[in-house]
Each structure stands twice: as structure tokens, then as C-alpha cells.
Amino acid sequence: MEKLNVQLTREHLFDFLLYHTFSKASGFLVNMLGMCLIVLGAVMQFVGRIEFVQFVLYVIVGVVVLAYTPVQLKFRAKKQMEVNPEYRDPREYIFSEDEGVCVVQNGQETKYDWSRIQRTVTTPKTIGIYYEKDRAFIIPKEAFGDRFVPVMQMVVQHIGLNNVRLTQ
């Protein structure tokens with residue numbers, strides 16, 4: 001059995017929301033749209049089809065498209081930390097070989113059998129352990145301390161290595 005005490009911060013939540021959004025096709029396509037606008041403006045300026053002022057407008061619109069989602073997610077993380085006790089209040093995660101993951105928060109205990117755990121991902125600051133398609137335990141990397149290897153071995157053993165995406 002391994003226990004982790006977790007206090008999520010706005011930065012941790014933002015980091016995870018960025019990963020969750022941009023790991024999907026829609027996030028990738030938004031980035032491609034922004035970059036295409038900038039490149040299109042540059043090519044059209046280079047071949048003389050548009051004036052410099054129009055090129056600047058292409059670049060501005062491209063940058064706005066690229067920046068919109070991260071800015072929106074920054075505000076969403078701030079709001080969620082203020083209004084949602086699931087993110088704001090401290091949690092204790094108890095990983096058990098037999099029982100799965102137990103989450104204790106505000107005196108309430110919820111158990112998640114290993115069969116509910118679908119996948120695990122790494123972001124620059126957090127580890128996300130998904131128990132539904134779009135719902136995950138968000139655990140800051142520093143919360144693992146020296147228990148990272150035992151916890152991750154337990155997770156991998158129960159959900160399989162092909163459902164674990166660990167990067168640095």
C-alpha cells in the first residue's frame with residue numbers, strides 16, 4: 001500500500017488542462033490553423049499578393065488563434081481552483097494492490113477498483129491517472145516523493161504498460 005498526500009495548485013491544474021486539450025485532435029488542429037494563417041500570410045507577402053499591413057493582420061490573427069486556448073485554460077484553472085473542492089481541497093490517494101485506488105478528501109472516501117483505471121499520462125508537472133474517458137486523478141510529480149517507482153509499478157501491473165504514457 002502506498003499513500004500520497006496531494007495539494008493541487010492552479011499551475012498544476014493548468015499544466016494538466018493544457019496536456020488534456022492539446023493531446024486531442026481538436027487541440028492539434030487549432031495549433032495547425034494558427035500556424036497556417038501565419039505561414040499563408042508570409043507566403044502571400046513574399047509573392048507580392050498582399051501588402052505588408054495585410055501580412056501583419058494574418059500574423060495577428062494567427063497569434064490570437066494560437067494563444068486563445070492556453071489563455072482560456074489559464075482562466076478555467078483559476079476558476080476551478082476557486083469553486084471546485086475536488087481541485088482546491090487536499091486529497092490523500094491510497095494505492096492498494098488488492099483494492100485499487102482510494103481517494104480521501106474532506107472526510108469522504110471513494111474507492112476506484114483497478115478495472116476503472118484506464119490509462120496514465122505524464123505532463124511536465126503532473127501525472128494524470130484516468131478513471132473515465134475525460135476524468136483523471138491529477139497528482140503533482142513532487143507529491144510522489146520517493147514513492148514514484150512503487151506507485152507506478154503498481155499502476156502498470158494493473159492497467160498494462162500499453163496504457164501508460166510516461167515522458168519527461
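What you are looking at is a predicted structure, and each value in this text was computed from that prediction instead of being measured.
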Salt-bridge test for Asp134 and Lys24: reply yes if a basic N is under 4.0 Å from a carboxylate O, no otherwise.
yes
Is any side-chain N of the basic residue among Glu82 and Arg88 closer than 4.0 Å to the acidic one's carboxylate O?
no
4.5 Å side-chain heavy-atom contact, [X] and [Y]:
| X | Y | answer |
| --- | --- | --- |
| Phe22 | Thr69 | yes |
| Leu40 | Tyr58 | yes |
| Glu97 | Gln157 | yes |
| Val149 | Val151 | no |
| Gln108 | Asn106 | no |
| Val121 | Ser23 | no |
| Met1 | Met154 | no |
| Thr122 | Lys141 | yes |

Crowding at CD, Gln118 (>12 non-hydrogen neighbours, <6.0 Å)
yes
For atom CZ of Arg147, decide whether the heavy atoms of other residues, nucleotides or ligands shown that lie under 6.0 angstrom number more than 12.
yes
Does the side chain of Asp113 pick up a donor-acceptor pair with the side chain of Ser115 at under 3.5 Å?
yes
Measure the [atom1]-[atom2] distance between [X] and [Y] for me, rounded to the nearest 0.5 Å.
| X | Y | atom1 | atom2 | result |
| --- | --- | --- | --- | --- |
| Glu142 | Thr126 | CD | OG1 | 9.5 Å |
| Ile38 | Leu66 | CD1 | CG | 5.0 Å |
| Glu132 | Ile117 | CD | CD1 | 10.0 Å |
| Met44 | Ile50 | CE | CD1 | 5.0 Å |
| Leu17 | Thr123 | CG | OG1 | 10.0 Å |
| Tyr87 | Leu8 | OH | CG | 8.5 Å |

Atom of [X], atom of [Y] and distance for their closest heavy-atom approach:
| X | Y | result |
| --- | --- | --- |
| Val65 | Val30 | CG1-O, 3.6 Å |
| Val6 | Pro140 | CG1-CD, 3.5 Å |
| Asn84 | Glu86 | OD1-N, 2.9 Å |

side-chain contact (heavy atoms from CB on, under 4.5 Å) with Thr120: which of Asn163, Val156, Ile139, Ile159?
Ile159
Quick one, Met81 with Lys79, criterion side-chain contact (heavy atoms from CB on, under 4.5 Å). Give me CA distance, side-chain angles, the key distance, then yes/no.
CA-CA 5 Å; Met81 289 300 293; Lys79 182 174 182 176; over 6 Å; no
Does Arg91 form a side-chain contact (heavy atoms from CB on, under 4.5 Å) with Val104? I'd like the steps, not just the answer.
CA-CA 6 Å; Arg91 286 180 147 196; Val104 181; over 6 Å; no
Backbone N/O of [Y] and side chain of [X]: donor-acceptor pair under 3.5 Å:
| X | Y | answer |
| --- | --- | --- |
| Asp15 | Lys125 | yes |
| Gln105 | Asp89 | yes |
| His158 | Gly100 | no |
| Trp114 | Val101 | no |

Quick one: do [X] and [Y] end up in the same hydrophobic cluster if we chain Ile, Leu, Val, Met, Phe, Trp and Tyr together by side-chain heavy atoms under 4.5 Å apart?
| X | Y | value |
| --- | --- | --- |
| Val164 | Phe95 | yes |
| Tyr112 | Tyr93 | yes |
| Val59 | Val43 | no |
| Phe52 | Val63 | yes |
| Phe148 | Ile94 | no |

When the ring planes of His20 and Phe16 are compared, do they come out parallel, tilted or perpendicular, using 30° and 60° as the limits?
parallel
How about Phe137 and Tyr130: are their ring centroids closer than 6.0 Å?
no
Cation-pi geometry met for Arg116 and Tyr131 (6.0 Å, 45°):
no
